[in-house]
Amino acid sequence: MPDETGRIPIVFGITGHRDIPASDELALKKAVEEIFRDIADRFPASPLALISPLAEGADRLVAEVALGLDIELIAALPMSAAEYEKDFRAPGSVDRFRELLAKSRTIVLGPPVDAGPTAFEGAARDALYRRVGLHVALHSHVLIALWDGQDSGKAGGTSEIVGLQRRGLPIAEISPRSDHETLLDRLPTGPIVHVRTRREKTGSAVSLPVGSTKWIFPDGWGGRRDQAQSAVGEALRNSDYEQLGERLNDYNADIRQMSVKSPDKVSRSAEALFPAAELGRLRRSGPVLDGIRQRFAAADAAAIRYRNYTQWTLRGFVLMFLFAFFLFEAFAHSWPDLSKTPPPWPDSDMLRALWHVNIAPLLGYLLILTGIWVFYILVVRRRKWQEKYEDYRALAEALRVQFFWRLGGVSDRAADHYLRNHTDELSWVRQSVRACDIGPTPPSLDGTTVEAILRHWIVDQASFFERSSHKEHRHFVRWHWSRGSFYFLGVLVAVGALGYLGVKVFEGSADPHVSHMSIVIMAMLPAVAAAITYYLEKRAYEFHVRRYSMMSGLYRRTEQSIEDAGGALDIAHVQSCLFALGREALAENGDWVLLHRERHVEPPTGG
């Protein structure tokens with residue numbers, strides 16, 4: 001069953017032969033079960049799901065293993081079930097198909113039943129099978145291939161799907177907006193687990209025992225070589241996929257914790273995206289859209305949590321470093337002279353010596369600096385607070401776009417348009433968004449839904465960016481003015497102290513305590529100004545003001561464009577606007593993430 005906490009599953013796909021010898025099924029099932037169990041053990045916080053076309057042979061064998069392990073089964077059919085059943089000729093095959101279908105979440109990728117007979121004949125039928133094979137590969141984190149290793153040369157066959165998975169899927173064939181991409185552009189994919197399989201029709205043999213496995217990695221994975229080990233830990237060690245899996249597993253662990261400790265925050269995020277009651281009235285509720293909504297809510301709530309942690313840490317670092325600087329200045333210049341005062345503990349030569357050198361402020365200084373770095377290394381960096389804040393915000397915003405694209409009948413996938421030139425930065429986010437949108441082509445758009453999208457996405461986000469732009473501008477002006485004030489106040493104090501001390505020295509009555517205190521104040525005021533500069537640089541207020549102002553204008557222009565074109569009357573125009581707006585929203589969030597990636601929240605070092 002689908003996970004209700006908002007966790008994102010590790011999705012397996014299946015491609016393989018239909019004519020598997022019955023005598024090999026037990027060994028193959030054992031091998032597939034070991035793959036599932038190894039991944040579940042390696043990434044324990046992540047639920048698993050399998051997407052299968054449920055054709056005869058490999059598709060059903062793996063589906064039965066998945067159901068036996070309580071793994072969610074998603075049946076991706078190339079055509080309607082009634083039309084699909086015409087290809088099942090083995091005794092009992094149709095009954096077995098229907099049993100599996102009843103236990104799965106079903107999506108139909110092909111044309112409707114009334115599309116006409118030519119849509120299901122000859123080359124057109126083969127194209128539907130190829131399309132479902134690409135769909136399975138596209139949405140899979142791991143592709144299981146029950147394959148004899150031979151190239152059949154058949155379009156949409158196991159060998160072609162494995163080859164495409166290894167080289168990268170051609171976006172020109174997959175994306176409905178392929179004119180926005182180059183014909184040579186390819187979508188990155190995940191690893192393939194080749195389970196060696198024989199075929200009945202050809203009597204093909206395999207070089208190694210039936211059921212032995214080999215991990216095949218896509219081209220461009222840092223020179224990663226194929227691995228013959230069956231254990232996940234051996235095959236994936238230090239690979240890109242292991243890093244992706246660990247990030248997704250960390251995310252799912254956080255979401256599981258939030259679903260227990262803060263379910264109200266997740267619910268508020270879900271309602272803020274789109275009220276459940278209104279979604280029901282629009283008759284748009286369904287497993288795909290509801291799943292995207294729930295996963296957005298979980299990601300949004302988690303992003304807010306780690307945003308708070310990150311911002312509290314930044315403020316704490318600034319305040320504690322200023323206090324440490326004050327203690328150092330106090331130690332150096334103005335701490336009371338205790339040489340003639342007895343210590344408040346029993347007499348001891350060593351303790352008296354420590355007391356007389358004014359050790360208290362120096363100890364405080366050292367303890368604060370040490371404590372800040374220990375906290376940073378053992379808590380902030382180890383628990384990846386800033387990285388999680390940025391990643392979870394990226395995931396939430398991509399899911400927001402995906403939700404409204406699907407609600408608006410836009411067939412594009414947000415993962416295909418999000419920072420695709422930065423594969424090492426946010427690959428797990430793109431793969432996760434793709435895993436949340438395993439479904440058929442969205443239904444057609446109607447006027448009532450257009451009005452709801454205008455309210456809950458376009459107008460709501462326009463207002464959000466306007467408020468945020470004004471808020472960030474106020475913060476920037478306040479801190480910018482404060483920084484200048486502290487700096488020039490320090491200059492004034494220095495001038496005043498210089499004049500005062502000059503007069504007193506001339507009179508021969510200079511008070512050393514006054515001079516020491518003046519030095520501390522002169523040092524502290526510019527230090528506060530420097531701390532504010534550090535804080536402003538990390539918060540990036542100026543960047544936010546520009547970007548948020550630009551985005552609020554973009555949302556308002558989109559709203560006006562839809563209204564000028566007759567609102568809900570021109571569906572094609574509305575969908576074009578939604579697509580263009582979504583791409584800009586993804587680009588803006590990508591810029592935000594990359595900017596903050598370069599502004600690490602860490603203890604100030606002066607470098």
Side-chain angles (χ1 to χ4, degrees), residues 1-16 32-33 35-54 58-59 62-63 65-67 69-77 100 103-107 109 132-146 161-162 164-165 169 174 187-193 195 215-218 232 236 240-249 251-252 255 287-288 291-292 294-295 298-299 395 398-399 402 406 413-416 427-440:
M1 294 298 293
D3 187 83
E4 296 181 355
T5 64
R7 291 183 299 166
I8 297 173
I10 294 176
V11 180
F12 290 85
I14 172 61
T15 184
V32 171
E33 182 176 342
I35 294 169
F36 284 140
R37 290 190 183 279
D38 284 348
I39 290 289
D41 291 342
R42 180 67 185 82
F43 308 111
S46 300
L48 305 183
L50 171 70
I51 177 171
S52 170
L54 296 183
D59 290 359
V62 176
V65 174
L67 289 173
L69 297 174
D70 200 28
I71 293 172
E72 179 189 6
L73 175 60
I74 304 168
L77 308 186
L100 292 172
K103 298 175 183 178
S104 68
R105 172 162 69 88
T106 305
I107 57 176
L109 301 173
V132 79
L134 290 174
H135 187 85
V136 169
L138 176 68
H139 291 283
S140 301
H141 293 113
V142 180
L143 182 66
I144 300 175
L146 273 61
I161 297 302
V162 169
L164 289 173
Q165 180 82 355
L169 303 176
I174 294 171
L187 294 171
T189 56
I192 306 152
V193 188
V195 183
W215 285 78
I216 302 174
F217 293 92
V232 172
L236 298 183
D240 291 348
Y241 180 77
E242 183 180 42
Q243 297 174 16
L244 298 182
E246 287 175 347
R247 287 195 175 189
L248 178 58
N249 194 68
Y251 169 78
N252 284 326
I255 297 308
V288 178
I292 296 173
Q294 180 63 25
R295 284 159 180 155
L395 177 60
L399 288 172
Q402 189 63 72
R406 177 160 284 275
R413 290 170 291 270
D416 297 346
S427 293
W428 84 270
V429 172
R430 286 190 296 274
Q431 294 284 56
S432 298
V433 174
R434 197 169 280 127
C436 296
D437 189 43
I438 305 175

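Because the structure is a prediction, the values reported are computed rather than measured.
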Residue pair Ala137 / Gln165: nearest heavy atoms and the distance that separates them: CB-OE1, 3.3 Å
Ring pair (Phe, Tyr, Trp, His ring centres under 6.0 Å) involving His139 - partner list, sequence neighbours excluded: His135
Side-chain touch Leu146/Val32, heavy atoms, less than 4.5 angstrom: yes
Results of side chain to side chain donor-acceptor pair (under 3.5 Å) for Gln402 - residues two or more places apart only: Asp437
Separation of Gln294 CD from Leu399 CG (nearest 0.5 Å): 11.5 Å
Pairwise distance CG(Leu248) to CD(Gln243) - rounded to 0.5 angstrom: 14.0 Å
CG-CD1 distance between Leu54 and Ile74, expressed to the nearest 0.5 angstrom: 11.0 Å
Pairwise distance CG(Leu143) to CD1(Ile216) - rounded to 0.5 angstrom: 9.5 Å
Arg413 (side chain) donor-acceptor with Arg434 (main chain) under 3.5 angstrom: no
Heavy-atom side-chain contact between Val65 and Phe36 under 4.5 Å: yes
Residue pair Gly13 / Val136: nearest heavy atoms and the distance that separates them: CA-CG1, 3.6 Å
For Leu67, all residues meeting side-chain contact (heavy atoms from CB on, under 4.5 Å), sequence neighbours excluded: Leu73, Leu100, Lys103
4.5 Å side-chain heavy-atom contact, Ile51 and Val11: yes
Partners meeting side chain to side chain donor-acceptor pair (under 3.5 Å) with Ser46 (sequence neighbours left out): Asn249, Asn252
Any Arg247 side-chain heavy atom under 4.5 Å of Val429 side chain: no
Gap between atom CG of Leu50 and atom CD1 of Ile144 - 0.5 Å precision: 6.5 Å
Close side-chain approach of Pro218 to Ile192, heavy-atom, < 4.5 Å: no
Listed partners of Asp59 passing salt bridge (Lys or Arg N to Asp or Glu O under 4.0 Å), at least two apart: none
Worked verdict on Leu77 versus Thr106 for side chain to side chain contact (heavy atoms under 4.5 Å, CB included): CA-CA 7 Å; Leu77 308 186; Thr106 305; 3.8 Å; yes
Nearest-0.5 Å distance, CZ of residue Arg105 to CD1 of residue Ile438: 6.5 Å
Min side-chain heavy-atom separation Val62-Ser52 under 4.5 Å: no
Heavy-atom check, side chain of Ile35 versus side chain of Phe12, under 4.5 Å: yes
For Tyr251, ring pair (Phe, Tyr, Trp, His ring centres under 6.0 Å) partners two or more places apart: Tyr392, Trp428
